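Below: one structure, written as structure tokens.
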Protein chains: 2
Amino acid sequence: MPTTRTPAGSARDRILDTAFRLFYAHGPRGVGVDTVIAESGVAKATLYKHFPSKDDLVLAYLDKVDQAWFGALRAAAREAGDEPREQLVGMFDALAGACRREGYHGCAFINTAAESPAGSPVHARTVEHKNVVRAWVTDVARRAGAADPELLARQLTLLLDGGLASGVLDGDPAVAEAAKRTARALVDAAVGGAPGGRPTRQ
Amino acid sequence: MPTTRTPAGSARDRILDTAFRLFYAHGPRGVGVDTVIAESGVAKATLYKHFPSKDDLVLAYLDKVDQAWFGALRAAAREAGDEPREQLVGMFDALAGACRREGYHGCAFINTAAESPAGSPVHARTVEHKNVVRAWVTDVARRAGAADPELLARQLTLLLDGGLASGVLDGDPAVAEAAKRTARALVDAAVGGAPGGRPTRQ
DNA sequence: AGACTAACAGACAGGTCTGTCTACTCCAAC
DNA sequence: GTTGGAGTAGACAGACCTGTCTGTTAGTCT
């Protein structure tokens with residue numbers, strides 16, 4: 001078992017943590033490799049050993065973001081209770097939580113994709129992330145008994161993305177609030193009736 | 001009236017048109033001044049005469065985007081007819097039109113803001129743009145007789161931003177389609193009843 | 001004709017970026 | 001004790017970026 005010479009985690013972890021922080025704040029293109037090196041207290045050769053190119057580091061960053069955001073989304077849904085229809089609304093608390101957080105700067109995927117060429121790996125990774133999230137929402141929508149789970153999932157992720165996008169500008173809590181209220185309205189319309197719910201027309 | 005030595009518009013126009021095209025495709029930070037100069041067939045000194053710094057050119061680009069997008073939005077609303085409630089839904093045709101366009105790459109404002117520092121002029125201009133659009137939507141919502149025009153406008157712009165953001169990834173027409181259907185549902189819920197008191201036509 | 005203006009052409013300075021490379025230092029395991 | 005892996009420190013190449021500056025050309029106005 002390899003031991004660690006440095007006390008605060010492995011060099012790889014320090015690099016990735018630092019990159020996460022800096023990339024999210026300024027965008028990958030706005031942060032030079034030298035800055036990542038300086039802030040993580042690591043030698044340049046070490047960085048390029050773990051991540052052969054900056055693009056590899058950016059992809060690792062996106063994977064980390066995916067874990068964090070998708071995790072927050074599922075946690076928020078879980079906290080809303082056992083009812084799928086409540087979970088669909090509850091996941092918007094993750095948006096509110098993100099907006100409140102200091103240094104909130106919108107959706108890392110969208111921001112990163114915006115500064116990447118069209119067919120790049122970054123782009124592909126972003127599409128994949130969005131698809132995974134939407135597939136999960138579709139599943140919850142189906143369990144909630146939505147008339148058209150695909151449509152409802154599309155609507156909710158559209159709202160989510162809209163809220164995230166606005167967040168690049170100002171972490172206005174009103175956005176998250178409005179998104180959640182809208183989600184509730186859409187879920188009620190799609191599922192109808194009461195929790196437990198069979199589709200009933202209002 | 002000053003004559004033009006160059007056949008295809010003034011040098012300033014050529015610079016701005018080229019910048020518009022390149023900045024939108026690759027992001028302002030992804031395009032060097034030299035490229036703008038080469039593609040617009042202009043001397044460097046000429047560019048720096050009209051736009052003292054690259055940032056000034058970026059702001060001019062955003063103004064041009066604002067005119068184009070806000071214009072498209074109003075045109076789409078206008079084409080939906082005289083009824084404000086129809087206009088609220090009709091403006092989503094502008095989103096569909098944008099998604100269909102070759103080289104569609106999402107919302108220029110959000111993309112540009114994503115690569116700009118937090119307090120920058122670019123950021124301020126973006127916030128201003130979003131506020132102007134939302135104010136206009138609020139006005140239409142009010143004329144449509146919405147119970148809570150501010151909320152409805154917030155909901156619709158959220159949808160719009162979500163649709164634009166998803167568009168960075170793939171110009172999937174399903175997104176615009178879903179956004180429009182959702183808009184119709186939200187407008188119906190907020191306005192209730194029908195245009196002129198008749199039952200809804202959908 | 002002469003002055004003025006707008007634009008062109010392109011060299012240049014000073015900085016930043018990514019990625020490579022050399023040389024050195026620990027530390028653990030064999 | 002030696003070997004090898006992981007890390008540190010930092011110079012360096014080559015590209016690219018913004019912005020400045022010099023000199024030239026052409027058309028307009030007086």
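Source: prediction; values computed, not measured. Computed from heavy atoms alone, side chains included, the values below leave out hydrogens, waters and symmetry copies. Just so it is clear: chains get the letters A, B, ... in the order the sequence lines come, proteins before strands, and each one is counted from 1.
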Exercise. Please, which pairs that meet salt bridge (charged side-chain N to carboxylate O under 4.0 Å, His left out) have at least one residue in residues 47-57 of chain B, sequence neighbours excluded?
Worked result: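 Found none.
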Exercise. Which pairs count as salt bridge (charged side-chain N to carboxylate O under 4.0 Å, His left out) when at least one residue sits in residues 22-46 of chain B, sequence neighbours excluded?
Worked result: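 Qualifying pairs, neighbours excluded: Glu115(A)-Arg29(B), Arg21(B)-Glu39(B), Asp34(B)-Lys44(B).
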For this session: State whether His50(A) places a side-chain N or O below 4.0 Å from either non-bridging phosphate oxygen (OP1 or OP2) of dG7(D).
Result: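 Yes.
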Problem set entry | Any residue of residues 108-115 of chain B with a heavy atom less than 4.0 Å from an atom of DNA chain D |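 Nucleic-acid contacts, sorted: none.
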Exercise. Does Asp93(B) have any salt bridge (Lys or Arg N to Asp or Glu O under 4.0 Å) partners at least two apart in sequence or in another chain, and if so, which?
Worked result: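 In terms of salt bridge (Lys or Arg N to Asp or Glu O under 4.0 Å), with neighbours along the sequence ignored, Asp93(B) is linked to Lys180(B).
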Sequence neighbours left out, cut at 3.5 Å: what donor-acceptor pairs do the side chains of residues 106-113 of chain A make with other protein atoms?
from	atom 1	to	atom 2	distance (Å)
Asn111(A)	ND2	His105(A)	O	2.8
Asn111(A)	ND2	Cys107(A)	O	3.4
Thr112(A)	OG1	Ala108(A)	O	2.7

Could you list the protein-to-nucleotides 18-23 of chain C atom pairs, N/O on both sides, closer than 3.5 Å?
from	atom 1	to	atom 2	distance (Å)
dT18(C)	OP1	Lys54(A)	NZ	2.6
dT18(C)	OP2	Val33(A)	N	2.6
dG19(C)	OP2	Tyr48(A)	OH	3.3
dG19(C)	OP2	Lys54(A)	N	2.9
dG19(C)	N7	Lys44(A)	NZ	3.2
dG19(C)	O6	Lys44(A)	NZ	2.5

Problem set entry | Residue list, ring-ring contact (aromatic ring centres under 6.0 Å, His included) with Phe23(A), at least two apart or on another chain |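 Here the qualifying residues are Tyr61(A).
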Problem set entry | Residues forming a ring-ring contact (aromatic ring centres under 6.0 Å, His included) with Phe92(A), sequence neighbours excluded |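 None.
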Exercise. Among all residues two or more places apart in sequence or in another chain, which pass the side chain to side chain donor-acceptor pair (under 3.5 Å) test with His26(B)?
Worked result: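 His26(B): no side chain to side chain donor-acceptor pair (under 3.5 Å) contacts found.
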Exercise. Residues two or more places apart in sequence or in another chain: which of them pass side chain to side chain donor-acceptor pair (under 3.5 Å) with Asp63(B)?
Worked result: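 Asp63(B) satisfies side chain to side chain donor-acceptor pair (under 3.5 Å) with Arg125(B) only.
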Problem set entry | Degree of bending, the helix from dA1(C)-dT30(D) to dC30(C)-dG1(D) (end axes from five pairs; round to 10°) |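 Result, rounded to 10 degrees: 10°.
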Exercise. Mind checking what makes side-chain contact (heavy atoms from CB on, under 4.5 Å) contact with Asp139(B), not counting sequence neighbours?
Worked result: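 With sequence neighbours excluded, Asp139(B) shows a side-chain contact (heavy atoms from CB on, under 4.5 Å) to Arg142(B), Arg143(B), given in chain and number order.
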